[in-house]
Amino acid sequence: MAAPMRVLVTGGSGMMGKAVEHVVLKEGGKLEGEEWVFLSSKDADLTDLDQTKAVFERYRPTHVIHLAAKVGGIYLHMRENLHFLRDNLKINDNVLETAHQTGVTKVVSCLSSCIFPDKTTYPIDETMIHNGPPHSTNYGYSHAKRMIDVQNKAYFEQYGRRYTAVIPTNVFGPYDNFNTETAHVMSALINKTYKAKKEGTPVTVCGSGAPMRQFVYSLDLGRLIVWVLREYDEISPIILSVNEEVSIKDALHMIVESLGFEGEIRYDTSLTDGQLKKPTTNAKLRRYRPDFTFTPLREAIQMTCDWFAANYDSART
């Protein structure tokens, strides 16, 4: 019988780390004899190789779920493409190489749908990652994330390592960053609407509200990441997403309904919309998991709004 896994989760205090923790500790995802360690940036600065080595030395994982990254919303990316590129290249190389050096059996890293080419055909699938430059707003982050896919292939070809990656689309849920300047669109809008209701002011949306996105609830993603760690044997990545696209405007109306906001909504069209659409296909996921049920978007938004309202004082705002 195989020895139990010791799983190290980087980025363990972030939204996706918390989702994996919930699945493992509260939904019975942890098997007998397994150890799960959830790292936060307080435990180690993963841009530093010595600190990365020290944390692997301390916990000696057999498996790694690599979720740590320098992340932010579109406007922060536009200001700091170089920082997003350099920090993420360092983090990813340090984690993958230390995993290799210490004999880690499997690493599941997390990519992002923004890595796909800006000009491409739709829907996007896993084979299209490197078919052209990413969108100009976040090319630093996107190229750093693409390199994980390149490294995974190279570790497999040179050393037979089974390191792979998942590609979620627009994730949201409890424990996200809700800061209106740096958060992704869903969480920024939840915070804006919550504040506007409290202060009796309008909600101002950056852009027209027209862009279409595939929103995924973080707990659904947590369940799928644990499945990938246990069952998915390919080196090439897998898109973890719903197939449905929803406009930012429609998502906002669900937030407004969830929070009971009755004020005015304004769209600031002087600000960029970013990519108008970037639909991916989850056909590969469906071949493996035809039975997997995603939480309906309205329900997931309601649960996230409820969590945010209940945890407002401690949430990242």
Side-chain angles (χ1 to χ4, degrees), residues 8-17 39-41 44-53 55-56 64-101 104 107-120 124 126-157 161 163-171 176-177 182-184 221 225 228 235-241 274-275 278 280:
L8 185 69
V9 181
T10 72
S13 62
M15 167 182 57
M16 282 162 56
L39 283 189
S40 80
S41 53
D45 174 1
L46 297 176
T47 63
D48 181 291
L49 182 58
D50 290 336
Q51 289 190 42
T52 308
K53 283 179 172 171
V55 93
F56 272 73
V64 172
I65 295 176
H66 174 38
L67 305 174
K70 177 183 168 72
V71 295
I74 180 173
Y75 301 102
L76 188 63
H77 278 281
M78 287 163 74
R79 287 197 301 273
E80 296 187 15
N81 267 299
L82 178 65
H83 291 165
F84 279 99
L85 176 72
R86 295 192 68 226
D87 284 355
N88 284 300
L89 284 172
K90 285 180 202 165
I91 290 167
N92 299 335
D93 187 56
N94 289 346
V95 168
L96 290 172
E97 179 60 11
T98 305
H100 165 60
Q101 295 284 353
V104 168
V107 179
V108 177
S109 295
C110 191
L111 308 184
S112 161
S113 60
C114 69
I115 66 175
F116 289 114
D118 178 29
K119 297 191 169 37
T120 188
I124 299 165
E126 292 85 353
T127 65
M128 296 158 75
I129 294 172
H130 305 285
N131 290 1
H135 195 264
S136 59
T137 51
N138 54 12
Y139 68 87
Y141 178 78
S142 300
H143 279 296
K145 285 288 191 182
R146 282 184 184 190
M147 282 300 110
I148 292 178
D149 180 50
V150 175
Q151 270 184 273
N152 285 345
K153 281 181 187 150
Y155 278 117
F156 180 66
E157 282 174 18
R161 291 283 182 215
Y163 297 170
T164 189
V166 299
I167 309 174
T169 50
N170 292 64
V171 193
D176 199 2
N177 167 24
T182 59
H184 288 112
L221 194 59
I225 288 171
V228 167
I235 305 306
S236 64
I238 183 166
I239 290 169
L240 303 181
S241 173
Q275 279 172 289
K278 43 181 178 180
T280 59

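All figures in this text were calculated on a predicted structure; none of them were measured in a lab.
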Can you tell which of Val107, Val150, Leu96 makes a side chain to side chain contact (heavy atoms under 4.5 Å, CB included) with Tyr155?
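By the side chain to side chain contact (heavy atoms under 4.5 Å, CB included) criterion, Tyr155 pairs with just one of Val107, Val150, Leu96: Leu96.
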
For the [atom1] atom of [X] and the [atom2] atom of [Y], what is their distance to the nearest 0.5 Å?
| X | Y | atom1 | atom2 | result |
| --- | --- | --- | --- | --- |
| Asp45 | Lys90 | CG | NZ | 8.5 Å |
| Asp48 | Ile91 | CG | CD1 | 11.0 Å |
| His135 | Met78 | NE2 | CE | 8.5 Å |
| Asp149 | Ser236 | CG | OG | 8.0 Å |
| Asn152 | Arg161 | CG | CZ | 12.5 Å |
| Glu126 | Leu111 | CD | CG | 10.5 Å |

Only counting residues at least two apart or in another chain, list the ones meeting side-chain contact (heavy atoms from CB on, under 4.5 Å) with Ser136.
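With neighbours one apart ignored, the set is empty.
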
Quick one, [X] and [Y] - any side-chain contact, counting heavy atoms below 4.5 Å?
| X | Y | result |
| --- | --- | --- |
| Val64 | Tyr163 | no |
| Asn170 | His184 | no |
| Ser109 | Lys145 | no |
| Ile129 | Ile167 | yes |
| Leu49 | Asp93 | no |
| Ile225 | Leu67 | yes |

Any donor-acceptor N/O pair, [X] side chain to [Y] backbone, under 3.5 Å:
| X | Y | result |
| --- | --- | --- |
| Asn138 | His77 | no |
| Asn88 | Lys70 | yes |
| Lys119 | Pro133 | no |

From CA spacing to verdict: side-chain contact (heavy atoms from CB on, under 4.5 Å), Asn92, Met147:
CA-CA 8 Å; Asn92 299 335; Met147 282 300 110; over 6 Å; no

For the pair Tyr141 and Phe84, name the ring-plane relationship: parallel under 30°, tilted 30 to 60°, perpendicular over 60°.
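Rings of Tyr141 and Phe84: perpendicular, as their planes differ by over 60°.
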
Taking all non-hydrogen atoms of both residues into account, name the closest pair between [X] and [Y] and its distance.
| X | Y | answer |
| --- | --- | --- |
| Ile115 | Ser142 | CG2-O, 3.6 Å |
| Ile235 | Thr164 | O-OG1, 3.1 Å |
| Pro134 | His143 | CD-NE2, 3.5 Å |
| Met128 | Thr120 | CE-OG1, 3.1 Å |
| Ala68 | Leu46 | CB-CD1, 3.7 Å |
| Arg146 | His130 | O-CE1, 3.6 Å |

Go through Thr10 and His66 one step at a time and tell me if the side chain to side chain donor-acceptor pair (under 3.5 Å) criterion holds.
CA-CA 5 Å; Thr10 72; His66 174 38; 2.8 Å; yes

